[in-house]
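Scroll down for the structure; my scribbles are underneath it.
In listed order, ligands and their atoms are each counted from 1.
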Amino acid sequence: MSSGDAPYDALTKLLASVPRCHFAHLPTPLEPLTRLSAEVGGPPLWIKRDDCTGLAVGGNKTRKLEFLVGEALEQGADTLLSFGAVQSNHARQTAAAAARAGLACRLVLVDMVEYSEPAYENSGNVLLDHLLGAEITIVSSQAEAASAAGRIIDEETAAGRKVYGIPTGGSNAVGALGYVDCAREIFRQNRDQGVRVGTVVTAVSSAGTLAGLAAGFAALDPDVNVVGINVYDKDFEAQETTLRGLAAEVCETLGIQRPEPSRVELRHEFLAEGYGVPNAGVMDVVQRVASVEGVLLDPVYTGKAMAGLLSLIAGGSLGDGSSDAVVFLHTGGTPGLFAYRDAIDPR
Ligand SMILES: *Cc1c(COP(=O)(O)O)cnc(C)c1O
């Protein structure tokens, strides 16, 4: 259906030509954070509810998996292989997508987070991975993950199966198309709901989400700023390189213009003690947003990203003096709450 907006229609058509499965409940809601906005007293805050994508507790990986599994099926694969931390939301959504598509799923999970409580090892996402029927291999380093992957591919191939490998976080030029599509969805919702979006803020680990959003907004509305809060990589330069490389690759795939570098920003100062390590400031924000808005954030991704957003607004470097909306992309992570129960409530 034509919307009467040429860049929007062109992007819709480009995305429609790519193989895709449909697992997500779309569009996800775009809602005002009325009570939090009033407390903060800055620009109007909105939330894009990608925690509600619907596949086995939802989250941002589901949009990526629609395109990745679309490609896997096109290639005739019968087994998905992917990677993540023990509490990987991506691994859980991959296991669910495999189940939905009738594929087998092998997961290699790296026990590398400097945080430990019994629930981290056996509840939350990893519990759901088992329930969803994935075959799990736990290793203790990235190097071991690479050799385990090699063994799994050999084993499956020898058994006559065809493996489709999905990188950590589903972040390659195919997976990132899911967030080009999300930018399209936000653009449309803003117009239909009469909101003027100035900035979109999201947590960043493997960077496909931010890269896809940056590419999508470059095509649709180059005045939109996208801000990523690094929650993963201690090598800041490497993460910048990954992000810009991925965004460029996505734009090349679609034949659209690259984002203006000044419109895409990565902030590193909220990583604190590192990936997956909760801290008091983040736990306060998780508690605050839950009690003020009834919205559940998590300690690993969305809590840190929201802590970053609130701190940037307080410091005057986000939405200062503008009535344009700041949209927080809620990327999911809800099962992580159960894996970090001691950090939430030590009783
Ligand atoms: C994976 C994940 C992210 C980060 O997305 P990337 O595309 O890997 O940068 C953010 N939030 C949650 C809850 C995630 O699971």
(request) Just say parallel, tilted or perpendicular for the rings of Tyr301 and Tyr275, cut-offs at 30° and 60°. (result) perpendicular
(request) Evaluate side chain to side chain donor-acceptor pair (under 3.5 Å) for Asp50 paired with His330, printing each intermediate quantity in order. (result) CA-CA 5 Å; Asp50 271 17; His330 191 326; over 6 Å; no
(message) By the definition salt bridge (Lys or Arg N to Asp or Glu O under 4.0 Å), identify the one residue from Lys64, Arg188, Arg20 that meets it with Asp181.
(response) Arg20
Just the distances, no angles: every ligand 1 N or O to protein N or O pair closer than 3.5 Å, one line each.
from: ligand 1; atom 1: 5 (O); to: Asn60; atom 2: ND2; distance (Å): 3.1
from: ligand 1; atom 1: 5 (O); to: Thr209; atom 2: OG1; distance (Å): 3.4
from: ligand 1; atom 1: 7 (O); to: Lys64; atom 2: NZ; distance (Å): 2.6
from: ligand 1; atom 1: 7 (O); to: Gly208; atom 2: N; distance (Å): 3.3
from: ligand 1; atom 1: 7 (O); to: Thr209; atom 2: N; distance (Å): 2.9
from: ligand 1; atom 1: 7 (O); to: Thr209; atom 2: OG1; distance (Å): 2.7
from: ligand 1; atom 1: 8 (O); to: Ser205; atom 2: OG; distance (Å): 3.0
from: ligand 1; atom 1: 8 (O); to: Ser206; atom 2: N; distance (Å): 2.9
from: ligand 1; atom 1: 8 (O); to: Ser206; atom 2: OG; distance (Å): 2.5
from: ligand 1; atom 1: 9 (O); to: Ser205; atom 2: N; distance (Å): 2.8
from: ligand 1; atom 1: 9 (O); to: Ser206; atom 2: N; distance (Å): 3.3
from: ligand 1; atom 1: 9 (O); to: Ala207; atom 2: N; distance (Å): 2.8
from: ligand 1; atom 1: 11 (N); to: Thr331; atom 2: OG1; distance (Å): 2.6
from: ligand 1; atom 1: 15 (O); to: Lys61; atom 2: NZ; distance (Å): 2.9
from: ligand 1; atom 1: 15 (O); to: Asn89; atom 2: ND2; distance (Å): 3.1

(message) I'd like to know if Val282 and Leu318 are part of one continuous hydrophobic network [Ile/Leu/Val/Met/Phe/Trp/Tyr, side-chain heavy atoms within less than 4.5 Å].
(response) yes
(request) Go through the steps to decide whether Lys48 and Glu185 satisfy the test salt bridge (Lys or Arg N to Asp or Glu O under 4.0 Å), and finish with yes or no. (result) CA-CA 10 Å; Lys48 174 67 172 164; Glu185 210 175 276; 2.7 Å; yes
(message) Checking one residue: Leu271. Which other hydrophobic residues are in its cluster under the side-chain 4.5 Å linking rule?
(response) Phe236
